[in-house]
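Right, one structure below, let's go through it.
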Amino acid sequence: MTLSTQPYKGARDFYPEDKRLQKYMFGKLREVSERFGYQEIDAPILEPTELFLSKGNQEIIDEQTYTFTDRGGRSVTIRTEMTPTVSRMVAARRQELAYPVRWYDIPNLWRYERTQRGRLREFWQYNADIFGVEGVEADHEIVVLADQIMQSYGAKRDMYTICLSSRKMVDELFTQYLGLDNTQKDTLIRLVDRIKKLPYESFVAQADAILTPSQRDAGVLDKLLALLKVTKLQQLPADFASQPAVVRLQQLMAMLESSRVANAVFDISLMRGFDYYTDMVFEVFDTDPENNRAMFGGGRYDGLVGLFGVEPVPTVGFAMGDVTLQNFLESHELLPKLHSETDAYVVLVGDDMYEKAQPVLSELRRMGLNIAVDSTGRKLEKQIKTAVKQGIHYALFVGETELASGQFKLRNLAAGTEETHGLERIVSIAKDRRRAGDVPARAEDDEDGDLLG
RNA sequence: GCGGAGGUAGCUCAGCUGGUAGAGCGUCGGGUUGUGGUCCCGAAUGUCGCGGGUUCGAACCCCGUCCUUCGCCCCA
């Protein structure tokens, strides 16, 4: 019986090039989040199972989580999402936090699911939440943050669409305008959530099946179908235009427009599943027809913190999975060619140079460069190939001649150019390159986009 | 839970209607002593996913099983 070299089903190994890519993606997330004043948090990967039951879905716990009993007889679950944990953390310090609280996190999560494209069992998920702001300003900030993250990867506005709606508004439309009871409303929400996946006739038939005979006679189905054709808030029934939820969404759309988020659109069919959202909801879609599914989203959920027995705290947030994000960046060719964290690979020229080169290596490292040395004594060709293969930007040649003169050849492996300098100059060249960073091939200045410059 | 596709050298795969394996890339070495990504020469490497069956003989046929992958269901 030989041991398998495969990682566990649905989980990934991160070799240096994979980890480098993850660091790039997470780096942007951290950079943009912090630019908006969000602070990073983290928490245990294990939580008491009850925490994930608060949403009331026993089925999910039974079938789609890693749940086990610890040695103390407690039922624990590997986190499947971060929101309950973040809510718990806010509730724990409900009184003492300085609001508005702006937090973000990038936890690894586990879900026991059948794997498929874009969906693994272990994945990372970025979350950003703002707590303590009832006003529409928080909704605006969260959507702008999501948008700016996309911009930071070099995404163009025609590559993604930000769809917005309001759960509260939809609830009111379905109950007050269509006259459905709560059970019918919930069923219909689930159905509308899948509308883009269903043939239209099938949708109509299933919607009709929800209605009572008297509702059918009253023409509720036609009212619903007309409602779903609405693409602008102004097209909603006139007596609904002044509803607070509608006014608020209108306000949000206007604010986004003046923030130049030109790809934000109203989408009445957007439901965002069947969960804890209480008002604004949004989802970001890839416009590429090959990958026309929701990439990520979020919304306002004012009720979660209150589940911990403290006064509720208004909250807006969103979450973004690493796998879908990576798929998006790959398909739009937005990933830069990433180089090694090692600035230079020291190629030793001549025999017995390893010891003699040590002072130079120490000096370069002391001055802040990341330096790897080839200690194999192989011919130069092999040493250089190793550096190239490891994605290191520069090769630095160290031989008797260089040690004697204090002048070293620095070879730019990507460009194939070579210059000779003293150590100080070499350090500054390498640091300049490091600062310039790795830039996506397709990222150019976006006049209407990146607020961060 | 359901359905499609597939598992052959490190990787991508070929292998016609059964006669115990190949290519490209990669790896390693060399093309004489201080330079890669193009060139030339040479070398190593596989229990053909696993178990069983049919057969004189199976990578190829049959059964089972495990795994990978795509989709459905679900999706916090």
Side-chain angles (χ1 to χ4, degrees), chain A residues 1-2 4-12 15 47 51-65 77-87 107 109-121 123 125 127 190 193-194 197-198 271-277 281 283 290-291 293-299 301 304 317-321 323-324 327 337 345-351 353 374 376-403 408-420:
Chain A
M1 185 78 181
T2 47
S4 170
T5 58
Q6 281 181 345
Y8 173 73
K9 183 180 178 65
R12 292 161 289 172
Y15 287 88
E47 289 281 5
L51 186 73
F52 298 106
L53 282 173
S54 62
K55 280 169 24 199
N57 201 338
Q58 183 66 47
E59 198 178 43
I60 282 176
I61 296 294
D62 289 343
E63 294 175 10
Q64 299 195 322
T65 66
T77 296
I78 301 179
R79 61 189 177 192
T80 59
E81 58 170 328
M82 194 61 173
T83 307
T85 299
V86 177
S87 301
L109 307 175
W110 287 82
R111 296 179 185 173
Y112 199 97
E113 298 187 284
R114 202 61 164 263
T115 58
Q116 54 181 279
R117 176 175 159 79
R119 213 163 76 178
L120 301 176
R121 287 181 170 180
F123 58 98
Q125 189 184 63
N127 295 266
R190 284 196 160 167
D193 195 35
R194 295 188 297 137
K197 291 182 173 181
L198 292 172
M271 295 297 161
R272 202 88 192 114
F274 200 56
D275 45 29
Y276 36 65
Y277 294 104
V281 288
E283 257 174 19
E290 293 289 297
N291 183 39
R293 58 164 97 175
M295 290 193 294
F296 67 93
Y301 53 104
L304 269 193
F318 75 101
M320 172 192 262
V323 185
T324 40
N327 287 346
K337 286 169 191 60
Y345 193 72
V346 170
V347 172
L348 296 178
V349 183
D351 297 329
M353 287 303 299
D374 194 300
T376 63
R378 292 173 301 174
K379 52 200 288 189
L380 302 195
E381 179 184 349
K382 303 296 177 191
Q383 299 191 45
I384 291 167
K385 274 185 172 174
T386 299
V388 170
K389 202 166 174 185
Q390 291 192 7
I392 298 172
H393 208 87
Y394 292 107
L396 183 68
F397 295 86
V398 176
E400 295 286 4
T401 323
E402 287 79 4
L403 289 179
F408 300 83
K409 275 192 218 166
L410 183 70
R411 184 175 180 83
N412 182 325
L413 294 170
T417 55
E418 209 166 87
E419 21 188 344
T420 303

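If you're wondering where the values come from, they're calculated on a predicted model, not measured in any experiment. Chain naming here is simple, since letters A, B, ... match the order of the sequence lines and numbering starts at 1 in each.
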Taking the side chain as C-beta and beyond, is there a heavy-atom pair between [X] and [Y] under 4.5 Å?
X        : Y        : value
A:Leu403 : A:Met353 : yes
A:Val86  : A:Asn127 : no
A:Arg378 : A:Thr386 : yes

When you compare [N] with [M], how far apart are their [atom1] atoms, in angstrom units rounded to a whole number?
N     : M     : atom1 : value
B:C50 : B:C11 : C1'   : 23 Å
B:G10 : B:G49 : P     : 13 Å
B:U45 : B:C40 : C1'   : 23 Å
B:A14 : B:G29 : P     : 31 Å
B:G4  : B:U8  : C1'   : 22 Å
B:C28 : B:A44 : C1'   : 8 Å

Query raised in the report: What's the shortest heavy-atom distance between A:Phe397 and A:Glu402, and which atoms?
Result: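 Looks like O-CG, 3.5 Å.
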Can you find an N or O donor on one side and an acceptor on the other, under 3.5 Å apart, linking the side chain of [X] with the base of [N]?
X        : N     : result
A:Glu402 : B:G34 : yes
A:Glu418 : B:U35 : yes
A:Arg411 : B:G36 : yes
A:Lys9   : B:U68 : no
A:Arg119 : B:C75 : yes

Query raised in the report: CZ of A:Arg121 to CZ of A:Arg111: how many Å apart, nearest 0.5 Å?
Result: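 With rounding to 0.5 Å, CZ (A:Arg121) is 13.5 Å from CZ (A:Arg111).
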Query raised in the report: About how many Å separate CE of A:Met271 and OH of A:Tyr277, when rounded to the nearest 0.5 Å?
Result: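 Nearest 0.5 Å value for the OH-CE distance: 14.5 Å.
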Applying the Watson-Crick and G-U wobble criteria at under 3.5 Å, what pairs with [N]? Answer none if nothing qualifies.
N     : answer
B:U38 : none
B:U27 : B:A43
B:U33 : none
B:U68 : B:A5
B:C16 : none

Query raised in the report: Contact class for A:Leu109 (heavy atom, under 4.0 Å): base, sugar-phosphate, or nothing?
Result: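 Nothing, no nucleic acid heavy atom in range.
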Requested in this report: Quick one: label A:Ala414 by what it contacts on the DNA or RNA (base, sugar-phosphate, nothing), any heavy atom closer than 4.0 Å.
Outcome: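 Touches a base.
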What integer distance in Å separates [X]:[atom1] from [N]:[atom2]?
X        : N     : atom1 : atom2 : answer
A:Gln116 : B:G4  : CD    : C1'   : 14 Å
A:Asp193 : B:C75 : CG    : C1'   : 10 Å
A:Leu120 : B:U68 : CG    : C1'   : 13 Å
A:Arg190 : B:C73 : CZ    : C1'   : 13 Å
A:Arg12  : B:U68 : CZ    : P     : 15 Å
A:Lys382 : B:U35 : NZ    : P     : 13 Å

Which nucleotide in the set [options] lies at the smallest distance from any side-chain heavy atom of [X]?
X        : options             : value
A:Val349 : B:G34, B:A76, B:U35 : B:G34
A:Glu381 : B:G29, B:G36, B:A76 : B:G36
A:Leu413 : B:G36, B:G29, B:C67 : B:G36
A:Thr80  : B:A76, B:G36, B:U69 : B:A76
A:Arg117 : B:U27, B:U35, B:C70 : B:C70

Query raised in the report: Among side-chain atoms of A:Gln64 and A:Thr80, is any donor-acceptor pair under 3.5 angstrom?
Result: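 No - no donor-acceptor pair under 3.5 Å links their side chains.
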Query raised in the report: Think A:Lys379 has a side-chain N or O under 4.0 angstrom from the OP1 or OP2 of B:G31?
Result: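 The answer is yes; a side-chain N or O of A:Lys379 sits under 4.0 Å from OP1 or OP2.
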